[in-house]
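Take this structure first; my questions come after.
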Amino acid sequence: MKKFVKTFTVALSVICTAVLGIGIILGNTLPSSYYVNNIGSESLAVYGVTLNTYRDSNLNTSGQLMLGNIIPIKSVNINIKENETVIPCGNPGIETGDVITYANSKKINCTEDLPTVVNQSGGNPVNLTIIRNNRTMSKSILPIKTGESSYKIGVWVRDSSAGIGTMTFFHPESHAFGGLGHGICDIDTGELMPMAQGEVTGAEIDSITKSKSGTAGTLNGHHCENLCRGYVISNCESGVFGYIENSPVSHSEIPIAYKQQVKTGKAQIITTLDSSTPKYYDIEIQSINYNESTKTKNIIIKITDSELLSRTNGIVQGMSGSPIIQNNRLVGAVTHVFVNEPQKGYGIFAENMIDDFNKENQKSEKNVA
């Protein structure tokens, strides 16, 4: 009997330690704030975890993450809010080092302006005004003569970027849009490109280069200004945001899902493979990452639609931003392909895109004011 009690005690200690460890891990990885529609209980896409929300007599709202609805994991912040609605699009639409703004007090608007000032220096130091990590500073660089009358300062500069991506959503009341699900990055450094201004136009798909293991395919097309026109206000980590004249599609409005409302299982993406017409294609949401330090790789998806697989062999470049729809809600957008397994890729939570758009829009309004 004593042996049984000892064995039982040891086993119970191991189980309690394991449960405690799981609770600590979940407490460190699960988000600390949530939007909810109303007071109650919601299950997360993590086995056994529920989000319970409460309201006291003073109408203060609080929340608690529970394991098995028995063991508390941690207290969380709760914001009660109805799901915003947007129109899911799926149509094709359209950093970093130092940003040089002035050279010898001359404003630099394009790449051609800088070598002109450098050559006019006659070999004397060129004073540059640059922006680095949102800080403005001055640098003096001595040009080197490379020909009879040519001077260079040894920097490679670029002043523009263009390409085809997918618009994720359109907000009919404000005419705002969001797309890509990730920022536009410098092809050499992989850093976000700073943006002074930008525009968005429609695009038509001409052909498709299929993905294969080790190489991501592409959607090949051309820009068509008559399809939609607008401007970009922000290029940030979670996407490209701005405003367009009219909705590029005739889809109905649907609500945006909060992160805890996204579930593993069947879903669809909306993307364009022919001309400029978006279509729904079947996918599977295989896993969900709630870690708040991961901004754009929140969902792992797998393409299951036979038509899409036959034409693209999975996810290809240009599909970034394709809306992910589940239970008639916009849950996210496609962001990256697994290069060695192109049938799979990452998606970003739609909630993250909306939150960032609201922040960037506020910045834009302050700058205008």
Side-chain angles (χ1 to χ4, degrees), residues 30-31 34-37 41-51 83-91 166-169 178-182 208 210-211 216-217 219 249-274 277-291 294 296-316 318-338 340-354:
L30 291 175
Y34 296 83
Y35 292 110
V36 299
N37 300 134
S41 178
E42 294 184 75
S43 61
L44 274 66
V46 176
Y47 183 73
V49 176
T50 57
L51 168 63
N83 297 72
E84 294 186 58
T85 60
V86 294
I87 296 174
C89 298
N91 59 303
T166 301
M167 190 177 293
T168 306
F169 63 82
L180 290 186
H182 60 74
I208 300 170
K210 286 186 177 183
S211 287
L219 295 179
V249 295
S250 58
H251 300 160
S252 299
E253 285 186 61
I254 61 173
I256 293 171
Y258 297 138
K259 49 183 171 281
Q260 74 274 12
Q261 295 173 327
V262 185
K263 308 299 180 183
T264 56
K266 293 182 179 181
Q268 291 181 304
I269 63 170
I270 309 176
T271 199
T272 302
L273 303 182
D274 293 313
T277 306
K279 287 180 57 177
Y280 284 78
Y281 297 96
D282 294 331
I283 66 165
E284 178 186 357
I285 296 177
Q286 295 195 317
S287 66
I288 297 169
N289 180 10
Y290 290 109
N291 195 323
T294 304
T296 62
K297 297 179 179 180
N298 310 123
I299 307 167
I300 293 181
I301 67 169
K302 181 179 181 180
I303 305 296
T304 59
D305 193 281
S306 58
E307 179 188 351
L308 185 56
L309 287 172
S310 67
R311 301 189 61 187
T312 65
N313 198 34
I315 299 170
V316 298
M319 285 172 59
S320 292
S322 296
I324 302 174
I325 310 297
Q326 186 181 60
N327 296 325
N328 201 37
R329 287 174 171 166
L330 177 64
V331 302
V334 178
T335 59
H336 300 80
V337 60
F338 291 0
N340 293 323
E341 198 174 359
Q343 294 79 25
K344 294 183 179 182
Y346 285 112
I348 182 176
F349 286 139
E351 178 185 324
N352 288 355
M353 292 185 70
I354 292 295

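Just so we're clear, the structure is a prediction, and the values are computed from it rather than from any experiment.
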> Are Thr296 and His336 side-chain neighbours, meaning at least one heavy-atom pair lies under 4.5 Å?
Replying inline: yes

> Got a salt bridge between Asp274 and Arg311, using NZ or NE/NH1/NH2 to carboxylate O under 4.0 Å?
Replying inline: yes

>> Check for me whether the distance between the ring centres of Phe338 and Tyr346 falls short of 6.0 Å.
In response: yes

>> With a sphere of 6.0 Å drawn around NZ of Lys302, does it hold more than 12 non-hydrogen atoms of other residues, nucleotides or ligands?
In response: no

>> Could you work out, with salt bridge (charged side-chain N to carboxylate O under 4.0 Å, His left out) as the rule, every residue matching Lys279, not counting sequence neighbours?
In response: Glu307

> Taking the side chain from Ser287 and the backbone from Thr264, do they hold a donor-acceptor pair closer than 3.5 Å?
Replying inline: no

> Hey, does Thr272 have a side-chain heavy atom less than 4.5 Å from the side chain of Pro278?
Replying inline: yes

> Side chains of Ile315 and Ile301: closer than 4.5 Å at any heavy-atom pair?
Replying inline: yes

> Do Gln326 side-chain atoms and Val262 backbone N/O form a donor-acceptor pair below 3.5 Å?
Replying inline: no

> If we only count heavy atoms from C-beta on, is the Phe349 to Ile288 side-chain gap below 4.5 Å?
Replying inline: yes

>> Are Ile303 and Ile269 packed together at the side-chain level, in the sense that at least one heavy-atom pair is separated by less than 4.5 angstrom?
In response: yes

>> Between Leu308 and Leu273, does the side-chain contact (heavy atoms from CB on, under 4.5 Å) criterion hold? Intermediate values first, please.
In response: CA-CA 9 Å; Leu308 185 56; Leu273 303 182; 3.5 Å; yes

> Hey, does Ser320 have a side-chain heavy atom less than 4.5 Å from the side chain of Val334?
Replying inline: no

> Taking it one step at a time, do Gln261 and Asn83 satisfy side-chain hydrogen bond (donor to acceptor under 3.5 Å, both in side chains)?
Replying inline: CA-CA 11 Å; Gln261 295 173 327; Asn83 297 72; 3.0 Å; yes

> What's the verdict on side-chain contact (heavy atoms from CB on, under 4.5 Å) for Gln260 and Leu44, showing C-alpha distance, side-chain angles and the deciding distance?
Replying inline: CA-CA 5 Å; Gln260 74 274 12; Leu44 274 66; 4.0 Å; yes

> When you measure from the side chain of Thr168 to the backbone N and O of Pro323, does any donor-acceptor pair fall under 3.5 Å?
Replying inline: no

>> I'd like to check the salt bridge (charged side-chain N to carboxylate O under 4.0 Å, His left out) partners of Glu253; sequence neighbours left out, ordered by chain and number.
In response: none

